[in-house]
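Working notes, structure below.
Quantities reported herein were computed from a predicted structural model and do not represent experimental measurements. Order of listing sets the numbers, starting from 1, for every ligand and every atom in it.
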Amino acid sequence: MKLNMSANGGSAAGGKKIITRFAPSPTGYLHVGGLRTALYNFLFAKNQGGKFLLRIEDTDQAREVKGSDKQIIDILNKLGIKFDNSPIYQSKRLKTYQKYADQLIKNNGAYFCFCTPERLEEMRETQKQNKQAPKYDKTCCKLSDQEIKDNLDKKMPFVIRLNVPKDKTIKWDDLIREEVEFNSNDIDDQVLIKSDGFPTYHLANVIDDHEMEISHVLRGEEWLSSTPKHLLLYEAFDWEPPQFAHQSLLLNPDKSKLSKRQGDVSVQDYLDKGYLPESLINFLTTIGWTEESGSEQEVYNLKQLIEKFDIKRLGKSGAIFNLEKLDWLNGWYIRQMKLDDLIKLCQPYLKEIKDKELIAKIVKIEQERLKKIADISENIDFLYKDIKYKAELLIWKKSNREETLENLVKTEDFLMTLTDNDFTQTETLEKKIITWIKKNDYGVGDILWPMRVALSGEQNSPSPFEIAWVLGKEKTIERINQAQKLLK
Ligand code: GLU
């Protein structure tokens with residue numbers, strides 16, 4: 001029986017249906033590496049007009065974190081990565097795995113193992129002393145049918161193990177790694193059904209990929225050593241295996257494996273900080289994939305990625321998780337946003353400010369500089385709280401205390417001549433002030449530096465025109481006045 005969600009999948013040019021899947025284990029948060037895997041499977045399927053399915057691999061009850069399946073699904077939906085099925089839960093398919101395990105036992109692809117944990121421990125100890133790799137010694141593979149029957153009748157606990165043949169070369173053409181080869185002597189007789197009757201990852205994964213008619217499995221490099229076991233299972237069942245592609249790992253800039261210690265790895269944490277779905281998708285795709293060699297294009301939306309994605313252009317070497325690049329991309333996407341949309345995204349980070357007009361103004365002047373939405377609440381206190389700073393900060397490097405005071409007085413006098421209306425647009429303010437500076441032959445820095453510091457109290461801040469626009473005429477003049485007092 002085939003699972004029906006794969007019916008009428010898209011077909012590749014050769015006529016074979018293209019079906020990929022994302023198969024997370026619900027053991028916690030969605031890792032950026034997991035998102036990348038989901039993304040590549042999605043992009044590949046959609047590029048080929050195929051289907052992208054979701055399967056929740058929840059057979060390891062001890063490691064399960066309740067609710068994490070829903071969280072993973074929610075995040076992917078939020079990012080626009082849509083599935084073509086309703087999720088399949090492995091824990092609901094235990095009978096199916098049992099049925100196939102029985103079939104494997106009948107055709108010698110697997111066998112009952114009654115070894116006690118103590119015996120296995122002893123065996124491992126001996127192997128360690130003899131400097132051998134830990135591996136089950138096939139003792140139970142030699143049991144007669146009668147012995148097996150007796151043990152089962154006695155209700156002895158058992159597991160079911162994969163019967164790995166000796167001296168066999170197992171190879172496949174990996175779509176990323178090209179030819180990969182393993183010797184069966186290096187492969188353990190993997191447990192397929194545990195003593196509690198639950199299947200292990202290997203058995204359930206292969207059965208489901210077969211039943212869901214998965215044509216391509218794109219997964220992380222860490223699963224490379226599982227693939228020969230899976231291929232042995234496909235052979236034992238006499239099923240055609242899917243095509244495999246093992247993508248490189250995500251690395252820190254120092255080339256170590258991306259880990260929580262060096263920063264966030266949870267997709268939700270990135271979303272919480274205000275990284276936009278568009279930039280996360282763009283970033284995670286393009287750190288391991290290029291459209292063509294020498295291509296300089298860095299910004300792609302999801303639609304473009306679907307159009308252009310080519311599995312063959314995935315890199316073999318590790319993909320560097322370069323936060324600076326993510327920040328750059330995110331800033332780029334923020335700058336393209338409509339102001340009203342950006343205001344909505346920023347509001348949750350500006351709960352302290354009740355004045356809607358002030359929020360809108362703050363967002364407008366910060367849009368150019370923002371790298372992530374959460375930054376909006378940083379360094380903006382000066383726009384709505386009283387400011388404190390040292391008088392020295394007002395003095396432009398080529399100037400002195402007296403000149404600075406003089407320039408602030410001139411600035412105040414000039415600003416007094418402007419109307420409230422002149423303050424309704426930054427551009428108007430900028431034009432008027434610059435024209436006044438030029439007309440009088442003042443130094444731009446001599447006027448604008450003290451003015452900007454008087455308005456912000458900061459070494460670095462938005463331009464004086466932007467701040468004056470946010471503050472309005474009255475507050476602007478009040479702060480320039482306050483600066484003069486500081487210098488006296
Ligand atoms: N459940 C596995 C995981 O958590 C699936 C690996 C695979 O794609 O085969 O990544």
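When each of Ile19, Asn41, Thr20 is tested with Ile214 by the rule side-chain contact (heavy atoms from CB on, under 4.5 Å), just one qualifies, namely Ile19.
Ser144 and Glu147 share a donor-acceptor pair across their side chains, judged by distance under 3.5 Å alone.
The side chain to side chain contact (heavy atoms under 4.5 Å, CB included) search around Glu121 returns Arg124, Glu125, not counting sequence neighbours.
Pocket lining of ligand 1, defined as residues with a non-hydrogen atom under 4.0 Å away: Arg21, Ala23, Ser25, Glu57, Tyr201, Asn205, Arg219, Trp223.
Within a 6.0 Å radius of CZ in Arg335, other residues, nucleotides and ligands contribute more than 12 heavy atoms.
Contacts classified as side-chain hydrogen bond (donor to acceptor under 3.5 Å, both in side chains) and involving residues 301-312 (residues at least two apart or in different chains) are given here: Glu291-Lys308.
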Side-chain atoms of residues 229-236: list all donor-acceptor pairs with protein atoms under 3.5 Å, sequence neighbours left out, distances to 0.1 Å.
{"residue": "Lys229", "atom": "NZ", "partner": "Gln190", "partner atom": "OE1", "Å": "2.7"}
{"residue": "His230", "atom": "ND1", "partner": "Arg219", "partner atom": "NH2", "Å": "3.3"}
{"residue": "His230", "atom": "NE2", "partner": "His202", "partner atom": "ND1", "Å": "3.0"}
{"residue": "Glu235", "atom": "OE1", "partner": "Lys168", "partner atom": "NZ", "Å": "3.3"}
{"residue": "Glu235", "atom": "OE2", "partner": "Lys168", "partner atom": "NZ", "Å": "2.7"}

